[in-house]
Visitor: 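Before anything else, here's the structure in question.
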Amino acid sequence: MSSESSKKRKPKVIRSDGAPAEGKRTRSDTEQEGKCYSEEAEVDLRDPGRDYELYKYTCQELQRLMAEIQDLKSRGGKDAAVEIEDRRIQSCVHFMTLKKLNRLAHIRLKKGRDQTHEAKQKVDAYHLQLQNLLYEVMHLQKEITKCLEFKSKHEEIDLVSLEEFYKEAPPDISKAEVTMGDPHQQTLARLDWELEQRKRLAEKYRECLSNKEKILKEIEVKKEYLSSLQPRLNSIMQASLPVQEYLFMPFDQAHKQYETARHLPPPLYVLFVQATAYGQACAHRKSSQPPRQDKMLSVAIEGSVDEAKALFKPPEDSQDDESDSDAEEEQTTKRRRPTLGVQLDDKRKEMLKRHPLSVLLDLKCKDDSVLHLTFYYLMNLNIMTVKAKVTTATELITPISAGDLLSPDSVLSCLYPGDHGKKTPNPANQYQFDKVGILTLRDYVLDLGHPYLWVQKLGGLHFPKEQPQHTVITDHSLSASHMETTMKLLKTRVQSRLALHKQFASLEHGIVPVTSDCHYLFPAKVVSRLVKWVTIAHEDYTELHFTKDIVEAGLAGDTNLYYMALVERGTAKLQAAVVLNPGYSSIPPIFQLCLNWKGEKTNNNDDNIRAMESEVNVCFKELCGPRPGHQLLTNQLQRLCVLLDVYLETESHDDSVEGPKEFPQEKMCLRLFRGPSRMKPFKYNHPQGFFSHR
Amino acid sequence: MERAAQQAVPLGQMEVFQALQRLHMTIFSQSVSPCGKFLAAGNNYGQIAIFSLSAALSSEAKEESKKPMVTFQAHDGPVYSMVSTDRHLLSAGDGEVKAWLWAEILKKGCKELWRRQPPYRTSLEVPEINALLLVPKENLLILAGGDCQLHAMDLETGTFMWALRGHTDYIHCLALRERSPEVLSGGEDGAVRLWDLRTAKEVQTIEVYKHEECSRPHNGRWIGCLATDSDWMVCGGGPALTLWHLRSSTPTTIFPMRAPQKHVTFYQDLILSAGQGRCVNQWQLSGELKAQVPGSSPGLLSLSLNQQPAAPECKVLTAAGNSCRVDVFTNLGYRAFSLSF
């Protein structure tokens, strides 16, 4: 221990020497530093822990020496002073050691501080660097997002779809092997292709423009040529007029007709225009088909143009016809003063006066029969009337029962439901009639023609019905909307009437003219025969005892035609009263039956008679045959014969009566009766040929 | 062109067709709802119309209340028979029986609940079902008609349990003998057969046409209607309307009615019958004609007595047949009004 301490002392001494020599450092730096380094180097060599031990030990020594000195001093004595001196020296040494240690500590502290400072500076530098880097990162990120957000112009361009691109673009642009996997290259290639295409289109556009320019120029030239042609043509036309007249060229006629049409009263004019238009439209439609002999609808104007012109001569407004005529009336009465009766008669005549011009419409049907319609305009009543006539291609032998079928009076009756054309459609007329004592227009219809509602509509006249609707004005659209429907109805009507006409001719001779395409509806063998087909009057029909139901149901109006058929088989006689609606064949003829066989049987006392009626009346649709079903009546009558056969043959045999049955069962039936009302098997099944229940 | 052609059909066509349909309508069957306030009627076009009896009978009844509150197409063929259970309306026509929920019908949502077809032998024509009969005790529905058999259907499961064979022609009508569970059936072959429900065997046959008193050969043999009150049975059709004592199977009373009868029923101490002719006939058991009440149809096919205790105000007799009208008799004396399709 002591050796150690002594070892230490030497440097301490040197050091203590050095310490006061600090002021001289500036004088000889190298020498001084050499010493300083040695001391500082010593610090590095020494272990701080041992120094601490040394320090503790030194302090204990010092305390012990102090305590001994204290002890010696308190004891006193002479030799004490020496000892104290000795002790003091020892303590001085210790102090030196402490000082040394203190210095070392200071150096260490300084060194530590330096180190800390150094580290801190390093950290600061690193921190700064970090900050710089972070900033740089942020900046770069911003740049990246900016790049990512960059919208290229090409995205707005509509490119052709991929498949199309690969299909159409030439391989040097599409470069499929490069671009297939690389969308960037692909887009570039597509853009290239787009550019290429656009270039081409632009080229085309330019070409077209120049073309257009060229054509415009040509047009200009031609226009000039044409305008120079006009006067020449005019002169040619002027020159050709006499030739036209000579040759009856239609151009002239049509022109004239239009000329005449100007003098038509407004409703007839509307009719004329619409009918002509419709006729032309139909002709055009037909023109695609093999050429037809001529037009389906032809329109003409009849009457004296001069008279029509004369009507317009007076300055009074032609619309004010009534007051106009009234004024005339007054004049005439003043002049002639006729008797009251004659005067009234004249007034009536004046009231019912027709416009001098009328429109003639010829509607041609497929079988060359023609419906001639003449349209009149009653000026003072402001209504239109029509007269109809049917001419056929071949001469018809008119059966007696068909008298009314084609008569001008009834051929067009109820073209639309309830439109029987016996009443004036203009409600204002009633007041006019009251004035001159006309009860109803019905009495004059034969002479004037029928004022059907559809005629008014064709002429564009619309009259209010019950509730106020429109004022009476001539309206092209009204006429146009009705033209096609009405023409179709007219054609159907004529055809159905002609078909009926033909059927009646056979029926009157007891032949039911079933056509070959309807044979499947009936069995081959029909025993019941039609023996009579006659027309009967409406009153007679209503008086029949078995037609009450029909009359009560309101199905027997006076516009219908009525017939009586008689079907016979053996002793059985079946009367059938037939109502033929003018709307045949869309509205079926209605049959009421009365069987005279073993007593009188009607629908009142026999369910099967009722069933037979419903077979022909309600199930008529299956009897219509091929479109348009004009064979319905014939088929119904034939069906009736079949029904009668079935009825008679299936009638249960009365065991109590001797002898064979009058009507042996020949028809094949699955069952004789069915259901609570014991229906007979009336339904015929075509290919198998048996009868079953409906 | 197509459109114009459609326009060309005059409006009158529909109306005429409807008028004709109404004119040739036959109402085959009726059934009163379990609540007693509604009457279902089925016609030859397969439609079922529901009339509100309570509305038509109320003091402020208008014309509309005599029209059906709802009409729906139930079958393809005629609706020959209908019965009501406490929840369902069962209707039958051409070969099938269909069930409808009364509650839904009254809400006008007419969807069939189920349909069943009895096991028929194959034939060209589907046999019709002329009569339905409920056996409430065993929850059975008995169907009979064109195939000459009685089919029993369990209403619980909807399965056909057994069929009774014996008739040689189709069956017109059924009646239930409640005291001893026996079913009577009358058919076109002229026989009334009694069937024991427990053994499913025929126990008795009455061949009505063989009895001279009631046979009318010119009208045929068929039995069109029958009714029973256990001891007595009344039946009619081709043969005259006759009251039979069942145990001795002898005819006791022949009712003097020329026209074939299509419906007969016991009511209190009377027998009500209807058939060809406008009238509902009321008979004493002794054979006296008590009254003939004329209706509006030329021939009647069904009578329905509404005796539901739930609706005492609707206790009426309704009769329907060869017209589109259902006559309503508030008492047995006269026709009050007609309900109409």
Side-chain angles (χ1 to χ4, degrees), chain A residues 285 414-419 481 484-489 491-492 549-550 552-555 581-583 586-588 590 598 602-607 610-611 613-615 617-621 651-657 670-679 681 685 688 690 692-694, chain B residues 1 4-5 7-13 15-17 19-26 28-29 44-45 77-78 80-81 93-94 123-125 127-128 130-131 145-146 169-170 172-173 188 215 217-222 224-225 237-238 259-260 262-263 276-278 298-299 301-302 321-323:
Chain A
R285 195 159 45 193
C414 296
L415 198 61
Y416 290 93
D419 189 6
S481 63
E484 185 163 14
T485 330
T486 307
M487 287 303 147
K488 284 226 168 80
L489 281 176
K491 250 166 81 177
T492 329
D549 291 341
I550 297 290
E552 276 171 7
L555 293 171
N581 195 293
S586 60
I587 299 177
I590 303 167
K598 296 183 180 175
T602 65
N603 63 16
N604 257 332
N605 57 18
D606 192 325
D607 288 344
R610 196 159 182 266
E613 283 174 4
S614 103
E615 283 288 330
N617 290 343
V618 181
C619 308
F620 69 92
K621 280 189 180 127
E651 193 57 31
S652 54
H653 188 55
D654 189 344
D655 297 329
S656 63
V657 180
L670 291 180
R671 275 168 63 186
L672 291 187
F673 298 101
R674 179 187 167 104
S677 44
R678 306 185 72 237
M679 285 298 152
N685 294 281
Q688 301 90 349
F690 65 90
S692 65
H693 290 85
R694 192 171 286 282
Chain B
M1 283 296 277
Q7 273 182 354
V9 176
L11 275 174
Q13 190 191 356
E15 289 143 26
V16 170
F17 188 63
L20 282 174
Q21 267 205 336
R22 282 167 57 83
L23 211 59
H24 290 98
M25 194 182 288
T26 304
F28 282 110
S29 50
N44 57 330
Y45 303 118
Y80 285 134
S81 185
D94 273 353
S123 86
L124 273 175
E125 219 179 12
E128 79 280 12
N130 285 326
D169 207 336
Y170 77 89
H172 272 287
C173 48
E188 183 73 15
S215 126
H218 57 280
N219 278 342
R221 299 169 173 182
W222 53 279
C225 57
K262 299 284 177 65
H263 197 280
Q276 220 144 62
R278 296 189 167 271
L301 286 172
S302 69
N322 288 341
S323 76

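In what follows, every chain begins at residue 1, and chains take the letters A, B, ... in the order their sequences are listed.
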Visitor: If you count heavy-atom pairs under 4.5 Å between each of A:Pro676, A:Ser677, A:Ala553 and chain B, which one has the most?
Guide: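 The option with the most such pairs is A:Pro676.
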Visitor: I need the minimum non-hydrogen distance between A:Gly675 and B:Asn130, along with the two atoms involved.
Guide: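 Heavy atoms of A:Gly675 and B:Asn130 come nearest at CA-OD1, 3.2 Å.
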Visitor: Test of understanding: with side-chain contact (heavy atoms from CB on, under 4.5 Å), list the residues that count as partners of B:Pro78, not counting sequence neighbours.
Guide: B:Phe28, B:Asn44, B:Tyr80, B:Asp94
Visitor: What part of B:Thr26 gets within 4.5 angstrom of chain A, counting heavy atoms only: side chain, backbone, both, or neither?
Guide: both
Visitor: Run the side-chain contact (heavy atoms from CB on, under 4.5 Å) test against B:His24 and tell me which residues pass, sequence neighbours left out.
Guide: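 B:His24: side-chain contact (heavy atoms from CB on, under 4.5 Å) contacts with A:Glu613, A:Ser614, A:Asn617, A:Val618, B:Leu20, B:Tyr45.
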Visitor: Salt-bridged, B:Arg22 to A:Asp549, with N to O below 4.0 Å?
Guide: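 Answer for the salt bridge query: no.
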Visitor: What's the spacing between B:Leu23 CG and A:Ile590 CD1 if we round to 0.5 Å?
Guide: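 Reported value, rounded in 0.5 Å steps: 8.0 Å.
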Visitor: Would A:Phe673 and B:Trp222 count as a side chain to side chain contact (heavy atoms under 4.5 Å, CB included) if you check the C-alpha gap in whole Å, the side-chain angles of each, and the deciding distance to 0.1 Å?
Guide: CA-CA 10 Å; A:Phe673 298 101; B:Trp222 53 279; over 6 Å; no
Visitor: Find the one option among B:Arg278, B:Glu188, B:Gln21, B:Met25 whose heavy-atom pairs under 4.5 Å with chain A are most numerous.
Guide: B:Glu188
Visitor: Considering only heavy atoms, which portion of A:Asp606 lies under 4.5 Å from any heavy atom of chain B: side chain, backbone, both, or neither?
Guide: backbone
Visitor: Kindly give the heavy-atom pair with the smallest separation between A:Asp607 and B:Lys262, and that separation in Å.
Guide: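 Residues A:Asp607 and B:Lys262, closest heavy atoms: OD2-NZ, 3.2 Å.
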Visitor: Would you confirm whether A:Arg674, through its side chain, and B:Gly146, through its main-chain N or O, come within 3.5 Å as a donor-acceptor pair?
Guide: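 Judged by distance alone, no pair lies under 3.5 Å.
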Visitor: Whether A:Arg671 and B:Glu128 form a salt bridge (side-chain N of Lys/Arg under 4.0 Å from carboxylate O of Asp/Glu) is what I want to check.
Guide: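 A:Arg671 and B:Glu128: salt-bridged.
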Visitor: If you count heavy-atom pairs under 4.5 Å between each of A:Arg694, A:Glu552, A:His693, A:Arg678 and chain B, which one has the most?
Guide: A:Arg678
